[in-house]
Colleague: 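Before we start, here is the structure in question, set down as structure tokens.
All values below were derived from every heavy atom in this structure, side-chain atoms included, with hydrogens, water molecules and symmetry-related copies excluded. For clarity, every value in this text was computed on a predicted model and none was experimentally measured.
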Amino acid sequence: GCMPRVAVAQFSGSDNWELNIEAVRRLSTRAAEAGCNYVGFHELCNTIYPPFKKDPKLFDLAEAENGPSVEAARKIARQNE
């Protein structure tokens, strides 16, 4: 059988999910072009990592499992199958 290839990606996040999803898109495409079947991203890659900031407004960045960044990431995954 075919041995799966796995990539791990990490980048500095922003509180602008569109910028983060663009990084996910760029790195996912690069991994797919390199022959990777799976790519893993750091936790909360659609936003910033809240423990570094103590600001209750960060809870506003949360979204449902069908939120805009989740749906965008699903679309990226389908495009790179």
Colleague: What is the distance from atom SG of C45 to atom CG of N20, rounded to the nearest 0.5 Å?
Modeller: 7.5 Å
Colleague: Ignoring hydrogens, what is the shortest heavy-atom contact between V39 and A9? Give both atom names and the distance.
Modeller: CG2-CB, 4.2 Å
Colleague: Is it true that atom CZ of R30 has more than 12 heavy atoms of other residues, nucleotides or ligands lying nearer than 6.0 Å?
Modeller: no
Colleague: Say whether F11 and I21 are linked into one hydrophobic cluster, either directly or through other cluster members, by side-chain heavy-atom distances under 4.5 angstrom.
Modeller: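 Yes: a chain of side-chain contacts under 4.5 Å links F11 to I21.
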Colleague: Evaluate the criterion side-chain contact (heavy atoms from CB on, under 4.5 Å) for residue pair L61 and W17; output intermediate values, then yes/no.
Modeller: CA-CA 9 Å; L61 299 175; W17 74 266; over 6 Å; no
Colleague: Answer yes or no: is there a donor N or O on one side and an acceptor on the other, between the side chain of R5 and the main chain of A34, under 3.5 Å?
Modeller: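 Yes; judged by distance alone, with no hydrogens or angles, the pair exists.
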Colleague: When you measure from the side chain of N80 to the backbone N and O of A32, does any donor-acceptor pair fall under 3.5 Å?
Modeller: no
Colleague: Which distance, rounded to the nearest 0.5 Å, do you find between the OG of S14 and the CD of E22?
Modeller: 12.5 Å
Colleague: Which is it for V8 and F41 under the side-chain contact (heavy atoms from CB on, under 4.5 Å) test, yes or no, and what are the steps along the way?
Modeller: CA-CA 6 Å; V8 178; F41 288 90; over 6 Å; no
Colleague: Enter the distance from L27:CG to C36:SG here, rounded to the nearest 0.5 Å.
Modeller: 11.5 Å
Colleague: Kindly compute the distance separating OG1 (T47) from CG (D60), expressed to the nearest 0.5 Å.
Modeller: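 So the OG1 of T47 and the CG of D60 are separated by 10.5 Å.
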Colleague: After noting the C-alpha distance and the side-chain angles of N46 and E63, does the key distance pass the side-chain contact (heavy atoms from CB on, under 4.5 Å) rule?
Modeller: CA-CA 10 Å; N46 64 331; E63 62 183 69; 3.8 Å; yes
Colleague: To the nearest 0.5 Å, tell me how far E65 CD sits from R74 CZ.
Modeller: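 Those atoms lie 6.5 Å apart.
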Colleague: Measure across I76 and V24 and return the closest heavy-atom pair with its distance rounded to 0.1 Å.
Modeller: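 I76 and V24 have their closest heavy atoms at CD1-CG1, 4.1 Å.
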